[in-house]
2 protein chains.
Amino acid sequence: MVELSERQKFILTLVIHEYIRTAQPVGSQALVARYNLTISSATVRNEMAVLTEYGLLRQPHTSAGRVPTEEGYRYFVSRLIRATDLPDTTRRTISHQFYQMRHDVEQWVRLAASVLAHQSRAASLVTPPHPEKARLKHLELIATRGRQVLMVLVMVGGEVRQRILTLNEPVAQELLSQSADRLTQLFQGQDVEGIRARTSQLSGLDADVIAWVIEDMIEANSEVAGEVYLDGLTNVLAEPEFTGSEEARRALRILEERSLLQDLAARTVMSNTVGGIQVLIGGEGTWDELRPWSIVLGSYGAPGLATGTLGVLGPLRMSYGRAISTVRFLSGLLSDLVAETLFDEPLNYKGENLS
Amino acid sequence: MVELSERQKFILTLVIHEYIRTAQPVGSQALVARYNLTISSATVRNEMAVLTEYGLLRQPHTSAGRVPTEEGYRYFVSRLIRATDLPDTTRRTISHQFYQMRHDVEQWVRLAASVLAHQSRAASLVTPPHPEKARLKHLELIATRGRQVLMVLVMVGGEVRQRILTLNEPVAQELLSQSADRLTQLFQGQDVEGIRARTSQLSGLDADVIAWVIEDMIEANSEVAGEVYLDGLTNVLAEPEFTGSEEARRALRILEERSLLQDLAARTVMSNTVGGIQVLIGGEGTWDELRPWSIVLGSYGAPGLATGTLGVLGPLRMSYGRAISTVRFLSGLLSDLVAETLFDEPLNYKGENLS
DNA sequence: GTTTAGCACTCGAAGGGCGAGAGTGCTAAA
DNA sequence: TTTAGCACTCTCGCCCTTCGAGTGCTAAAC
């Protein structure tokens with residue numbers, strides 16, 4: 001990437017700011033007027049011509065103002081953006097809200113999505129914490145009807161999975177409970193491999209049940225994120241680039257398409273990384289449907305144990321600074337909560353968040 | 001409501017059909033031409049004038065065609081609509097899909113929302129089955145970290161609730177399990193009142209835990225529907241009445257506003273009822289945000305045990321026939337699944353659905 | 001060499017005018 | 001009671017013009 005002069009960087013930054021603010025192509029005179037620049041519009045025009053040459057800006061048509069290209073945004077995000085933190089009072093307020101409802105993981109996730117959407121004024125996406133490798137904590141079998149049995153699987157880290165089994169023949173609750181206790185004793189803390197290694201010892205009901213358990217744990221491992229919580233869809237529809245009906249529909253299809261979001265959440269290697277936060281601009285060439293979108297992604301959780309993803313989805317001209325700082329803050333906050341509440345781990349971020 | 005002549009009813013029906021099809025005001029000549037009517041356009045015009053007088057049709061402006069009013073739709077839905085069933089092959093296909101995944105309630109709900117959205121070509125809403133009065137089936141306590149304990153509550157009917165408790169002092173898993181077993185033994189099958197009546201016998205850990213259990217069960221009772229599953233949002237944005245950006249935004253706000261949907265799901269008494277299905281047209285005067293919407297609602301489940309809601313949301317000119325028949329069919333199908341899988345109940349609808 | 005004033009040129013957005021077409025209500029005849 | 005005929009109305013789409021913001025280029029100023 002070409003090296004820019006300080007003045008060129010400055011002008012690129014101003015253009016991007018102004019375009020984010022107004023959603024209109026930015027002209028040289030307008031820029032000089034609005035920011036009281038000490039240089040003339042002709043100079044700005046010359047610099048803009050250079051930036052256009054470099055592919056960082058473009059003109060929608062001759063004799064229009066300039067608009068940042070994807071490259072321009074990338075340059076801005078990776079080299080020019082100033083990492084600002086959320087104001088102290090805001091952080092305190094948000095922390096407070098989370099610590100109010102520390103008893104329900106689902107509520108954290110919902111709240112995180114809501115806060116993220118509000119702060120970034122875009123759409124947000126949050127997945128619940130999900131074990132990287134499922135380890136069994138507890139197994140419960142509950143008779144419902146005839147051969148139908150409700151199996152409740154609690155994983156280390158608190159994830160609860162349930163499914164309905166159909167046994168070959170009815171079994172009394174008494175026997176089910178005994179089997180569940182035996183299996184819990186035997187396999188507590190084990191992952192799929194650990195369990196598989198010792199299934200040969202089992203027989204009868206125990207063997208049947210453990211086969212279901214293994215199947216479910218494999219499913220749990222292969223899932224990257226079960227549910228994806230969304231919020232702020234309306235924010236994004238309010239943006240002028242999505243007001244046309246066709247664009248709006250396409251936008252919503254993206255947000256409704258769970259598999260895409262899951263792919264997204266699964267994505268770990270990305271082109272631009274800012275302090276653990278990944279910024280995906282315009283689909284980065286590979287995701288065609290995401291052309292008009294930018295995505296700021298972060299992850300949270302206890303590394304190696306359970307992690308989740310959170311992110312902001314907005315138009316290319318979204319407010320990257322705000323999105324990044326909010327994602328970063330929430331990522332730390334949720335990591336604290338997970339570590340503190342679900343695992344017996346030291347708190348990594350607490351000091352940073354609350355001080 | 002005024003009594004209409006057969007011909008007037010016929011014309012009203014045609015106008016509504018045509019308007020649903022084209023989303024354009026319907027003119028007299030167009031109607032005659034399209035349906036090969038044996039009466040002249042002048043006659044149709046006269047009848048239309050009468051229907052307009054009655055408030056069933058209206059003109060967007062003088063010298064435009066006619067559009068149904070809310071009253072017109074209501075008349076149509078309550079008195080003119082022909083209840084058609086889904087084609088046999090469709091029903092079979094759908095049933096098959098459901099019986100494929102009988103092991104996971106969440107998946108039923110998700111599938112129901114998807115099918116409903118596809119069949120009705122509008123947005124759909126489905127809530128999971130929720131006990132009308134929570135009765136305890138099973139209690140489990142799992143130590144996580146220090147004083148933190150994960151409480152898993154299984155209700156009769158299979159609903160699982162989890163929350164994180166903070167005890168006064170750390171307690172070993174051994175003791176927690178014993179307490180959980182004791183309490184399960186003692187209170188199995190009981191509702192909140194039943195449990196409350198005998199709490200005085202308890203002390204120590206058991207007393208603390210049961211207080212949490214009661215609190216959670218009260219919460220369960222007060223919730224009408226926990227999660228609301230949506231699908232088909234894009235269908236609705238494709239409709240011409242929601243293409244403008246302002247309308248689209250408002251539409252999405254409705255669908256994003258969970259509380260409104262929950263209110264809706266809670267609503268049991270409605271003005272127009274068709275075979276157990278409730279049709280809410282244009283907010284029925286009381287819900288202002290719903291002015292441009294119609295909603296077809298049904299419920300399912302095992303009465304007195306656990307019920308859920310499912311519905312279709314679309315523009316006023318949605319295809320009521322299709323929506324109603326799909327809701328009715330799925331309502332029966334889900335009721336079967338719930339009764340068959342979650343409760344030991346005879347199957348009420350099975351014959352109807354699969355024959 | 002860099003910056004800036006001046007200027008001709010370009011192009012989209014906004015507004016006005018116009019004709020076409022669909023639809024109505026009314027009247028009078030069938 | 002129904003229908004043909006007719007004058008009238010109103011929207012929609014189209015074209016045209018104007019307006020103004022913005023550009024690139026050139027030559028002068030710093």
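Each chain gets a letter, A, B and so on, in the order its sequence line appears, and its residues count up from 1.
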Starting at CD of Gln8(A) and ending at P of dT3(C), how long is that distance when rounded to a whole Å?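 Value for this atom pair: 11 Å.
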
Atom CE of Met48(A) to atom C1' of dT3(C): distance rounded to whole Å?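 Taking atom C1' of dT3(C) as the reference, CE of Met48(A) is at 16 Å.
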
Residue closer to the 5' end of DNA chain D, Ala49(A) versus Ala42(B) (nearest nucleotide):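 The 5'-side residue here is Ala42(B).
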
Hey, which sits more toward the 5' end of DNA chain D by its nearest nucleotide, Glu47(B) or Ala64(A)?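 Result of the comparison: Glu47(B).
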
Less than 4.0 angstrom from a charged side-chain N to a carboxylate O is my criterion; do [X] and [Y] meet it?
{"X": "Glu241(B)", "Y": "Arg317(B)", "value": "yes"}
{"X": "Glu239(B)", "Y": "Arg249(A)", "value": "no"}
{"X": "Glu70(A)", "Y": "Arg58(A)", "value": "no"}

Check whether any side-chain nitrogen or oxygen of Arg7(A) sits under 4.0 Å from OP1 or OP2 of dT2(C), and answer yes or no.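 Answer no for this pair, as no side-chain N or O of Arg7(A) is under 4.0 Å from OP1 or OP2.
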
Consider only side-chain N and O atoms of Tyr73(B) and Ser294(B), and report whether a donor and an acceptor are under 3.5 Å apart.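 Tyr73(B) vs Ser294(B): no donor-acceptor pair found between side chains.
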
Does a side chain donor of either Thr52(A) or Arg66(A) reach within less than 3.5 Å of an acceptor in the other side chain?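 Yes, a side-chain donor-acceptor pair sits under 3.5 Å.
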
Can you say whether the rings of His17(A) and Phe76(A) are parallel (under 30°), tilted (30 to 60°) or perpendicular (over 60°)?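 Ring orientation, 0 to 90° scale: perpendicular.
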
Just verifying a value: how many Å separate Ile39(A) CD1 and Ile11(A) CD1, rounded to the nearest 0.5 Å?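 CD1 of Ile11(A) is found 4.5 Å from CD1 of Ile39(A).
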
Would you give the length of the straight line joining atom OG1 of Thr43(B) to atom CZ of Arg45(B), rounded to the nearest 0.5 angstrom?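 If we round to the nearest 0.5 Å, Thr43(B):OG1 and Arg45(B):CZ are 9.0 Å apart.
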
Find the bend of the helix from dG1(C)-dC30(D) to dA30(C)-dT1(D) as the angle between its two terminal axes (five pairs each), to the nearest 10°.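 End-to-end axis angle for the helix from dG1(C)-dC30(D) to dA30(C)-dT1(D): 30°, rounded to 10°.
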
Check for a donor-acceptor pair, side chain of [X] on one end and backbone N or O of [Y] on the other, with a separation under 3.5 Å.
{"X": "Glu47(B)", "Y": "Gln8(B)", "answer": "no"}
{"X": "Thr234(A)", "Y": "Arg253(B)", "answer": "no"}
{"X": "Asn235(B)", "Y": "Ala117(B)", "answer": "yes"}

Under a 4.0 Å heavy-atom cut-off, which of residues 16-35 of chain B touch DNA chain D?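 Heavy-atom cutoff 4.0 Å gives no residues at all.
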
On DNA chain D, which is the earliest and which the latest nucleotide, 5' to 3', with an atom closer than 4.0 Å to a heavy atom of chain B?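 For DNA chain D, the relevant span reads dT2(D) to dT11(D).
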
Base dT10(C) paired with Ser63(A) side chain (donor-acceptor, <3.5 Å):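 Result: at least one qualifying N/O pair found.
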
